[in-house]
Amino acid sequence: MTASSGDSLSVVGVGTDERLLNRSTSRITGPDAVTVEAVATGDEALSRVSEADCLVTTYALPDTDGVTLIEAVREAHPNVPVVLVTDQPDDRVASEAIGVGVTDYVRRNGDDPAAALATAIEDGVDTYRSELALRESEQRYRTLVERSHDGIYIYHDDRFLFVNDRITEITGYEPEELYEMDIWDLVHPDDREWVKEVGSRRRRPDEEAPNTYEARVVRKDDETRHLEFSVQTTTYDGEAAVLGSVRDVTERRRQERELAETKEFMETILDTLEDVIFVFSLEGDLVRWNDQLCAVTGYTDEELDEMRAFDLLPEEYYDEAIRKVRDAVATGSAVIEAEVRTKDGRRLPFEFRGAPLSDEDGEIDAIAGVARDISERLAREEELVQYQTIVEAVGDAVYTLDEQGEITFVNDALLSVTGYQEEELLGEFVGKVMRQQDVETARDLIGELVESEERTRATFEMEAIDKDGHHIRCEDHVALLVSDGKFRGTAGVVRDITQRKAREQQLRRQNERLDRFASVVSHDLRNPLNVILGRVDLARDRPGEEHLDAIERSAMRMERMIDDLLTLARDGQTVGETEPIDLASAARDAWKNVETYEASLHLDDDLGTLPADRARLASLLENLFRNAIEHGGEAVKVSVGTMTDAEGATDGGHAESGFYVEDDGPGIPDTERDDVFKSGYSTSDEGTGLGLVIVKDIAEAHDWSLSVTDAAARGDERSRQGVSGQSVDSSTGHRRDDGASDGSSGEDSGSPGGARFEIGGIDWTDR
């Protein structure tokens, strides 16, 4: 097993250095490649090893030693890989471990013991799984051979090397007797020489010989049986051998004799068949045929009487037809697909089955055969190939189910979606790749279709489940499979609609933002516009600089609203590529982009690095800083810090990890904290009411949580902890050390009052 194989493996470690074990298993790369369970005692390890792929142990254990443990494991689990990690300077322990069956051992004081241990684990599991798969494969094939209805044997140098139970049933001999016999002693004396000749021809590369033929064998009780042989060369224990299978066709031979006895009666019947019946001599002359041959070819009986059998075939089939005639003579039967050339020049596809006919002396003198028009079959096969090509080409996942909901067909697209192999799904209930509630929905829907006289197909949304347990939003188009008016199952075409659902959700969010824009444009922008128009009227009547100031303030407020609206419209809840961003640097850069007046920024030490969209994080911080200054005054103190587990605990004690932005301004009353993130909410005449909406959208787009609380309580706790940090100059944005370690600094953000915005749920890159 290697990490690239995609399989996971589990390791049980007993008495081992967990750091060494973790370093070793971490080198086996790949998603979820290794799970490690550490136990303390040998008894615990012995109880857990049956569920593990590998056991790693040291020599010295609290209740036993590593060698004794390995010996106990080998008694219960002979093949599970066990790796010994030893501190012993000599080879005594390693030698003892090898003696009781250790898979490998690693010296802790050797060169790169972590790499050595990783290699030992991988090699041991690889070997273990390969041997397990080989044993299972051998067992399956052995079961198939032993339970086969055909006799199966292998021989070399005229001696049996292997026979299955069916051979003993056919011959009447026990396996021990057969292994002591010459194989030719079983063949009927009249067939022995020509069967040997067929075997000799098969051994000569320049000659062709049939792989399938019939011959007679003599049972132990002297009964003669007719068998059909199929042979091919193989190897057994590294030597060339012959693998054969036999089928008892004695009953078929008896039926053939009975057929000959009723020949006249059958000829009358054969003339009524749609299949062509014919007999031709070994020289190729047509001897007998039924009326269907005339109907198919357009020749009269008189014309056929002057023709040879091969005259009905195009020349390109001659060589193969001659070989099949020889096979029929040698083995008793032959099959060929060829075209028949009619009198008017048409070419029709037929399947010919031929068998030799013997005269009164038992000499083969003719070939009898049946020819069946396979035009419709070939057309269906071609149509089936076309349908299969279409199914594979459509790109959507396609499946069929039988009446019980078991999977009967899957295309490559469905295998790609689910991650299964074809053999893992065929014959399985559809619930293997579909949620139970979706199975019930589909069952009800199919029931409605079966009862309906008009509908035969329907569509519903469901969730497919892949091999790893992941759920995929899909749309399933199901249709009934009906044959002879009876319900035979269903066919389904599954399409992944994850992106479509995401687009629909994005569209809903866009519509919500459009509603906000309409509200702001229709209401919030109208207020400063009314102020401007009103002041213009007053200025006409009573000119004064205060009117221009009011107009300027209103115009600037409208400009900020437009900027915020553009931010929402362009960015919304969209986040681009994320990257590791130093929070302290991002805060200082954002502070420089805000009109800070006399306000000050305080940064805690070690703010850490978090994954984020750089531009969106900057917009979030700028809006929080601007909000603090607008509502806390031009001399407000703003702090940025990280939340400990205790600080971030919410919802009954569940802790979140994140950062906060707080100020020492007047704070936000409890009754208004649910409203601050709503569009248009602002307690400042200068605010637009959109800044915190932008903050909320950016946080949600990063899958972060956002909440607001009172900074005073949090500040008291920070004072008790003695938090130190840095301040940022309001004019330059440069940092300066506060030097406070006891919470007494004037720059401490823990002053009574103030608002604190907490951004949680962050998976820190470096903290």
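Because the structure is predicted, anything quoted here is derived from the model rather than measured.
Using modelled atom types, no side-chain atom of T16 and backbone atom of G13 make a donor-acceptor pair closer than 3.5 Å. Side chain of H156 to backbone of L161: no donor-acceptor contact under 3.5 angstrom is found. With hydrogens and angles disregarded, no donor-acceptor distance shorter than 3.5 Å links the side chain of D412 to the backbone of L415. Listed for the D396 side chain is no donor-acceptor partner under 3.5 Å among the backbone atoms of R495. Side chain of T127 to main chain of G124: no donor-acceptor pair is present (N/O by atom type, distance under 3.5 Å, no hydrogens or angles). A donor-acceptor pair is defined here as one N or O able to donate and one able to accept, closer than 3.5 Å; no such pair exists between the side chain of S95 and the backbone of R92.
Contact annotation: the side chain of V85 approaches that of L20 to within less than 4.5 Å [non-hydrogen atoms, C-beta and beyond]. By the 4.5 Å heavy-atom criterion applied to side chains, T58 and L84 are not counted as neighbours. Residues L117 and L21 form a side-chain contact, since some pair of their non-hydrogen atoms from C-beta on lies under 4.5 Å apart. You'll find the side chain of Y155 reaches within 4.5 Å of the side chain of Y153, heavy atoms only. Side-chain contact between I154 and V242 is absent, with no heavy-atom pair separated by less than 4.5 Å. Considering only heavy atoms from C-beta on, I762 comes within 4.5 Å of F659 through its side chain. L426 is listed as a side-chain neighbour of E422, based on a closest heavy-atom distance under 4.5 Å. Counting only heavy atoms from C-beta outward, the side chains of L621 and V661 approach each other to under 4.5 Å.
Annotation: the span from L583 atom CG to L607 atom CG amounts to 5.0 Å, rounded to 0.5 Å. In this structure, the separation between OG on S619 and CG on D697 is 10.0 Å, given to the nearest 0.5 Å. Taking CD of E180 as the start and CD of E174 as the end, the distance is 13.5 Å to the nearest 0.5 Å. Distance check, rounded to the nearest 0.5 Å: NE2 of H702 to CG of D613 gives 5.0 Å. Rounding to the nearest 0.5 angstrom, the gap separating the OH atom in Y59 from the OH atom in Y105 is 15.0 Å. Interatomic distance, M434 CE to C474 SG, rounded to the nearest 0.5 Å: 9.0 Å.
Remark: the T408 side chain and the T400 side chain contain an N/O donor-acceptor pair separated by less than 3.5 Å. H477 and E475 share a side-chain donor-acceptor pair at under 3.5 Å.
Around CD of Q499, the count of heavy atoms belonging to other residues, nucleotides or ligands within 6.0 Å does not exceed 12. Summarising the local packing, CZ of R108 is surrounded by more than 12 heavy atoms from other residues, nucleotides or ligands at distances under 6.0 Å. Within a 6.0 Å sphere centred on CD of E18, heavy atoms belonging to other residues, nucleotides or ligands number 12 at most.
A salt bridge between E461 and R500 is present, with a side-chain N of the basic residue lying under 4.0 Å from a carboxylate O of the acidic one. Residues E440 and R443 are not paired through a salt bridge, judged by the lack of any N-O separation under 4.0 Å between the basic side chain and the carboxylate. Here R27 does not pair with E122 in a salt bridge; the nearest charged N to carboxylate O distance is not below 4.0 Å. By the 4.0 Å N-to-carboxylate-O rule, R435 lies close enough to E463 to be salt-bridged with it. Between K467 and E424 there is a salt bridge, with a side-chain nitrogen of the basic residue lying less than 4.0 Å from a carboxylate oxygen of the acidic one.
Here the closest non-hydrogen pair linking L610 and T765 is C-OG1, 3.8 Å. Nearest heavy-atom pair across I581 and A586 is CG2-CB, 4.0 Å. For Y420 against I465, the heavy-atom pair with the smallest separation is CE1-O, 4.4 Å. The two residues G608 and W764 come nearest to each other via the heavy atoms C-CZ3, 4.2 Å. The two residues G761 and W704 come nearest to each other via the heavy atoms O-CD1, 3.9 Å. Considering every non-hydrogen atom in both G42 and T64, the closest pair reads CA-CG2, 4.1 Å.
Sorted by first and then second residue, the salt bridge (charged side-chain N to carboxylate O under 4.0 Å, His left out) pairs with a member in residues 49-63 read R48-E51, D53-R129; sequence neighbours excluded.
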Could you give me the CA-CA distance, side-chain angles and deciding distance for V430 and E406, then say whether side chain to side chain contact (heavy atoms under 4.5 Å, CB included) is met? CA-CA 6 Å; V430 68; E406 294 182 357; over 6 Å; no
Apply the test side chain to side chain contact (heavy atoms under 4.5 Å, CB included) to residues V398 and L414: give CA-CA distance (whole Å), side-chain angles for both, the deciding distance (0.1 Å), then the verdict. CA-CA 6 Å; V398 178; L414 190 137; over 6 Å; no
Could you go through L243 and I152, starting from their C-alpha distance and side-chain angles, then the distance that decides it, and tell me whether this counts as side chain to side chain contact (heavy atoms under 4.5 Å, CB included)? CA-CA 8 Å; L243 169 66; I152 298 176; 4.1 Å; yes
Does the pair D604 and S639 meet the rule for a side chain to side chain contact (heavy atoms under 4.5 Å, CB included), with working shown? CA-CA 8 Å; D604 281 359; S639 297; 5.9 Å; no
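Put simply, the residue from D476, T418, L425, N411 that forms a side chain to side chain contact (heavy atoms under 4.5 Å, CB included) with Y399 is D476. Residue V56 is tested with T25, V82, V11 for a side chain to side chain contact (heavy atoms under 4.5 Å, CB included); the sole match is V11.
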Quick one: side chains of residues 67-75, donor-acceptor pairs under 3.5 Å with protein atoms, not counting sequence neighbours, listed by atom name and distance.
unit_1	atom_1	unit_2	atom_2	d
T68	OG1	D65	OD1	3.1
T68	OG1	D65	OD2	3.0
R74	NE	G101	O	2.8
R74	NH1	H77	O	3.2
R74	NH1	P78	O	3.4
R74	NH1	V80	O	2.8
R74	NH2	V80	O	3.0
R74	NH2	G101	O	3.1
R74	NH2	T103	OG1	3.3

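Judged as a side chain to side chain donor-acceptor pair (under 3.5 Å), and not counting sequence neighbours, the contacts of T498 are D496.
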